[in-house]
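Throughout, numbering of the chain's residues begins at 1 and tracks the sequence. Order of listing sets the numbers, starting from 1, for every ligand and every atom in it. This structure is a prediction, so every number in the text was calculated from the model and none was measured.
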Amino acid sequence: MKIKLAERYKNVIALLNDANPTAETELQYRNPYELLVAVILSAQCTDKRINAITPQLFHRFPSAEDLAKASEEEILTYIKSVSYPNAKARNLSRMAQRLVEVYHSQVPSDTLELQTLAGVGRKTANVIASVIFKQAKMPVDTHVHRVSGRIGLTKDAKNVRQTEEQLMKNLKGYNIALLHHQLILHGRYICKARKPLCAECTLKTWCSYYEMTIKNDKKAL
Ligand code: SF4
């Protein structure tokens, strides 16, 4: 049966809403500054690891001003256990300095302005715009990219930018921020990179990867 794209979107989103109506970031933060720091740190690292180190980091540097005054060496002592600690310490230092000097310590809402901060790429800027400023943005990480492709929400997307464009084109009228978190959590716990847990997945009726797997299994019989 050929499923129409709009129908796939509608049903997948309804099922994700049933399964996880309040999905949100697993990063712990209390204000825009803390989320910005946590998201920069979370690149290529687990949220669990970031949540383990940020309480001490934010205790020592409770504001952008405090972080801007610190040396990279001191920042490094708090983030040693995350991936790419040296580069991240440098980025945090530079980000905080610019945040203080140019933005008076206020995290900007504009995604292009956000991307002028060290360590902030398109995905991180979209996370801040979506989570803090409630803008309709779809930050695409490895989970969103993989899960969207497998389900068939995107087609032949070669990179995260193409995934973002295809998703945004089809998400008018939907809660994009909520779907972003739902797709991440689905990718983290069910539709895992190496071995998706299709048997226990509620989306399988609408998933093109699952449909292909069944077809291939039947052919092999
Ligand atoms: S059915 Fe399998 S491939 Fe499809 S979304 Fe679920 S876990 Fe992922």
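Put simply, W206 and L171 are part of the same group of oily side chains (I, L, V, M, F, W, Y) that touch within less than 4.5 Å, one to the next.
Legend: protein N/O/S atoms lying under 2.8 Å from atom 6 (Fe) of ligand 1, waters omitted, number 1.
A donor-acceptor pair under 3.5 Å is formed between the side chain of K204 and the backbone N or O of A199. With S42 contributing its side chain and C45 its backbone, the two residues share no donor-acceptor pair below 3.5 Å.
Between atom CZ of residue R49 and atom OG of residue S83 there is a gap of 10.5 Å, rounded to the nearest 0.5 Å. In this structure, the separation between CG on L167 and CE on M138 is 5.0 Å, given to the nearest 0.5 Å.
Aromatic rings of F61 and Y78 (six-membered ring for Trp) have centroids within the 6.0 Å cut-off, being under it.
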